[in-house]
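Remarks on the structure that follows.
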Amino acid sequence: MFETLLKALNTVAGKRDRDQEREAQHWIETVIGEKFPAGYVYEDCLRDGILLCRLMNRLSPGIVPKINTTGGDYKMMDNINQ
């Protein structure tokens with residue numbers, strides 16, 4: 001399943017596999033115990049890194065000590081860099 005998530009995240013501007021995105025989204029939602037925000041497309045939900053940080057903390061508790069939930073794009077990019 002993690003491979004599917006990586007494939008979905010690594011798809012850039014080319015042909016996207018919506019089935020893989022749905023599968024990855026379902027897996028993330030199952031692991032973190034919450035749904036993606038309604039009304040947003042897949043990549044927008046992952047863009048700020050908050051859900052990805054929550055996922056990492058579920059897979060390895062405490063690996064991301066601080067998750068930025070407010071601030072501009074620069075602060076949110078810090079979530080991805082962690």
Side-chain angles (χ1 to χ4, degrees):
M1 183 63 216
F2 193 67
E3 248 179 51
T4 302
L5 173 63
L6 288 178
K7 284 180 187 177
L9 291 174
N10 286 329
T11 301
V12 181
K15 183 178 176 184
R16 295 173 53 173
D17 188 330
R18 300 294 181 190
D19 289 333
Q20 282 186 338
E21 288 178 356
R22 278 191 290 278
E23 186 179 342
Q25 178 177 340
H26 176 72
W27 180 75
I28 293 169
E29 290 173 338
T30 300
V31 171
I32 66 173
E34 63 185 82
K35 297 281 187 190
F36 278 35
Y40 292 92
V41 292
Y42 175 80
E43 64 271 13
D44 287 345
C45 293
L46 300 177
R47 185 173 162 262
D48 62 13
I50 294 170
L51 291 175
L52 294 173
C53 287
R54 289 180 183 159
L55 174 65
M56 293 308 300
N57 278 336
R58 286 291 181 136
L59 297 173
S60 184
I63 197 164
V64 181
K66 182 176 186 322
I67 301 172
N68 295 305
T69 57
T70 60
D73 288 342
Y74 179 76
K75 275 200 154 192
M76 296 305 180
M77 273 183 37
D78 193 42
N79 289 335
I80 303 294
N81 292 329
Q82 293 188 60

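The distance from atom CG of Leu46 to atom CG of Leu52, rounded to the nearest 0.5 Å, is 5.0 Å. One distance of note links CZ of Arg18 with CD of Glu21; it measures 5.0 Å at 0.5 Å rounding. Taking CG from Leu51 and CE from Met56, the interatomic distance works out to 13.5 Å, rounded to the nearest 0.5 Å. Interatomic distance, NZ of Lys35 versus NE2 of His26, reported as 7.0 Å (0.5 Å rounding).
Side-chain polar atoms of Glu29 and Gln25 form a donor-acceptor pair below 3.5 angstrom.
Listed by chain and residue number, Ile50, Ile67 satisfy the side-chain contact (heavy atoms from CB on, under 4.5 Å) test with Thr69 (two or more places apart in sequence, or in another chain). Applying the side-chain contact (heavy atoms from CB on, under 4.5 Å) rule to Pro61 yields no partners; only residues at least two apart in sequence or on another chain are considered.
Remark: Asp44 does not engage Arg47 in a salt bridge, criterion side-chain N to carboxylate O under 4.0 Å.
Counting only residues at least two apart or in different chains, side-chain hydrogen bond (donor to acceptor under 3.5 Å, both in side chains) contacts with residues 51-64 comprise Glu34-Arg54.
Residues Leu59 and Phe36 share a hydrophobic cluster, clusters being chains of Ile/Leu/Val/Met/Phe/Trp/Tyr side chains in contact below 4.5 Å.
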